[in-house]
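What's counted below: heavy atoms across the whole structure, side chains too, no hydrogens, waters or symmetry copies. So that the names make sense, note that chain A is the first sequence line, chain B the second, and so on, each numbered from 1.
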Amino acid sequence: MRDKYCGLVTKEDIGKTITLSGWVFRRRDHGGLIFVDLRDVSGIVQIVFSPEISKEAHEQAGDIKQEYVITITGKVDRRPQGTENLNIPTGEVELYVTSFEVLNTCKPLPFQLDEEEPNESLRLRYRYLDMRREEVKKAFLIRSLAYKTTRDYLADSGFYEFETPMLTKSTPEGARDFVVPSRLNPGNFYALPQSPQLFKQLLMVGGFDRYFQIVRCFRDEDLRADRQPEFTQVDIEMSFVDVDDVIAMSEGLIKSVYESVTGATLDTPILRMSYDDAMELYGSDKPDMRFELLMTDLTDIFRETGFGVFKKTVEEKGAIKSLVLKGKTLSRKDLDTAVDISKEMGAGGLIWMRRDNEALQSPIVKYLSDTEKAAMDEKLGLADGDVVFIMAGPRNKTNEIMGRFRLYVGEKYGLAAKDLFKFLWIVDFPLLEYSEDEKRYMARHHPFTSAKESVRTFEGDYETIKAKAYDLVLNGVEIGGGSIRIYRTDEQMAMFKLLNIKEAEASDKFGFLLEALEMGAPPHGGIAFGFDRLLMMLLRLESIRDVIPFPKTQKGACLMTGAPSRVSAKQLNELKVKAIVDQTGG
RNA sequence: GGGGUCGUAGUUAAGCCUGGUUAUAACGCCGGCCUGUCACGCCGGAGGCCGCGAGUUCAAUUCUCGUCGACCCCGCCA
């Protein structure tokens, strides 16, 4: 049906008569001559219908319209001098059509493929048309390349590829599960995996040493620009490793994917930062490193202050944190806006200071002593024109809000160079987090994460225990995370105890894992990368939907198929499931 | 669960703040002309429940409320 791809016709083909097949992209009918850009996955090539070559073909070509599928036979020729199109790879040649056949017609399109991007709902409803658009096609071709790079790298590094069950067991902790009723076991449900976490650990117990899987995962939580209910992870687990081994392997993988996707070089090792430093300096566990704008702790300067807000913060052992914005001119209105924004973010307030004529100007400057002002000048290295933003309050909360405010300032004043890729490892996460809701400690990562010291024998403040867990961050977005796992039953049981998971519950939910740990489980650990997110970032796209062929809307709907939808009473009966909402009407 | 933005020919947008005659443009579509275009060009034409429902008003695309849908954010979520 064809001798080669449209986009691959070259000067080498001049003089040959070849057959091509594809879609009619654009046609330019000059009456006497008709030009058509014929498109397939590889690109486009210009074909010419001329009455001098074939009167019949030229006449019939009047009927072909946008996106008709045609197969043509014609002679490749060099374009007449002066009519070459250097904007396309095949622009020096064209085909004179001797005969063609319409393989399929196409109704008028719901949107044009070569113009402004249509509304996203429309794109998703007709995703198969949207995919014909150049930029969309490109994203999916690159996605395919990224699969290959990933598989090649991991296979070359001694990893074995496995598939793990999609119909599996609901696990507590973590995200809400999607559940699937079991017809053979009425009243019982499978859960779709949030990740293959336990299976990959069991593969290590099974002795496979290095596992990977490019795997679909499911989480029934609310969607965001970078979150879909089903998404793809590159899931990895390794035996006889510690943190540095997993990180080194990961850097190799990320480097090869990054380089194949972007064509640029990635220098490794990637910078590492402790969770504590990230929170203190950037107010985030996924700092955007494309711009500096570090937070500086001013608490010490105001130990003896007379200014009420700061005084109260010091007394309550809170923190006074600041950001210094250099080289930007802010109006009073800009500053007021910043205050409003900070309040929307949950700040009690935001204090701003401007340094002009070697003096600080601020609504609160009259409450500050000369010593305090001088100390600020020195600690922040202030120069005229600098703007200082200050927040005060409980340390963790203030860090987080200031961190979000930092991102706002970075965005508003264009501090982050758009073309940068800044990778960062966050390490030494706290193992536990106290949940006010549940009145107990929760595993920050998951309950199989090992600590940097034995949980079994630990005494003291549990919140100070650090986990052997790590996240990979790119431009302020988490693109992967993992940990070294607990591999001994006694440690695992101690961990469950810490999390207030009762022995009965533990054995009900994870009995198989606990048993496995008793049967010669090797030390092991791993990581999982958000494949869609990584691609989204590397392609500089705004939404994860742009790298997923058939994504869901924010309400979890597929606009093309209409899923989710109601099922028949018969289906529900077979499943012994009763819907609470009315199945017949709205 | 909460906050916000958007919804006007097939498509992308303008009009709406400040209500009033025939709702505007470009692309697409239909008809005609055109032998070197490549976002071809020129002439002509058709195409609108101004998302849906209610309210205010003499009068609503325009103002108000509700609702549906899409998107962004918080909560939630590795």
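- A heavy atom closer than 4.0 Å to some atom of RNA chain B occurs in A/Thr83, A/Glu84, A/Asn85, these being the qualifying members of residues 83-90 of chain A.
- With sequence neighbours excluded, the residues satisfying salt bridge (Lys or Arg N to Asp or Glu O under 4.0 Å) with A/Lys466 are A/Asp276.
- Of the residues in residues 403-415 of chain A, not one places a heavy atom less than 4.0 Å from an atom of RNA chain B.
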Whether each nucleotide of nucleotides 3-12 of chain B has a protein heavy atom under 4.0 Å at its base (B), only at its sugar-phosphate (S) or at neither (-) is summarised, 5' to 3', as -------SSS
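- With hydrogens and angles ignored, no donor-acceptor pair closer than 3.5 Å exists between the side chain of A/Arg26 and the base of B/C38.
- For A/Arg545, whose side chain is taken as the heavy atoms from C-beta onward, the closest listed nucleotide among B/U37, B/C72, B/A78 is B/C72.
- Partners of A/Asp285 under the side chain to side chain donor-acceptor pair (under 3.5 Å) rule, at least two apart in sequence or in another chain, are A/Arg444.
- Residues passing the side chain to side chain contact (heavy atoms under 4.5 Å, CB included) test with A/Pro196, sequence neighbours excluded: A/Thr164, A/Tyr211, A/Gln213, A/Val215, A/Cys217, A/Asp235.
- Side-chain atoms of A/Asn475 come within 3.5 Å of backbone N or O of A/Lys422 as a donor-acceptor pair.
- If you check distances only, the side chain of A/Arg79 does reach the base of B/C38 with a donor-acceptor pair under 3.5 Å.
- Every residue was checked against the salt bridge (Lys or Arg N to Asp or Glu O under 4.0 Å) condition with A/Arg219, not counting sequence neighbours, and none meets it.
- In this structure A/Ser543 satisfies the side chain to side chain contact (heavy atoms under 4.5 Å, CB included) test together with A/Arg545, A/Asp546, sequence neighbours excluded.
- Residues that satisfy the side chain to side chain donor-acceptor pair (under 3.5 Å) test with A/Asp77, not counting sequence neighbours, are absent from this structure.
- At a cut-off of 3.5 Å, with distance as the only test, no side-chain donor of A/Arg404 or A/Tyr408 sits close to an acceptor on the other residue.
- Rounded to whole Å, the separation between the P atoms of B/U62 and B/G19 comes to 12 Å.
- The salt bridge (Lys or Arg N to Asp or Glu O under 4.0 Å) check on A/Arg485 picks up A/Glu237, with sequence neighbours excluded.
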Look for any protein N or O under 3.5 Å of an N or O in nucleotides 41-48 of chain B and output each such pair with its distance, or none.
none

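- Checked against salt bridge (Lys or Arg N to Asp or Glu O under 4.0 Å), A/Glu411 has no partners two or more places apart in sequence or in another chain.
- In the interface, the side chain of A/Arg224 is paired with the base of B/G75 through a donor and an acceptor atom under 3.5 Å apart.
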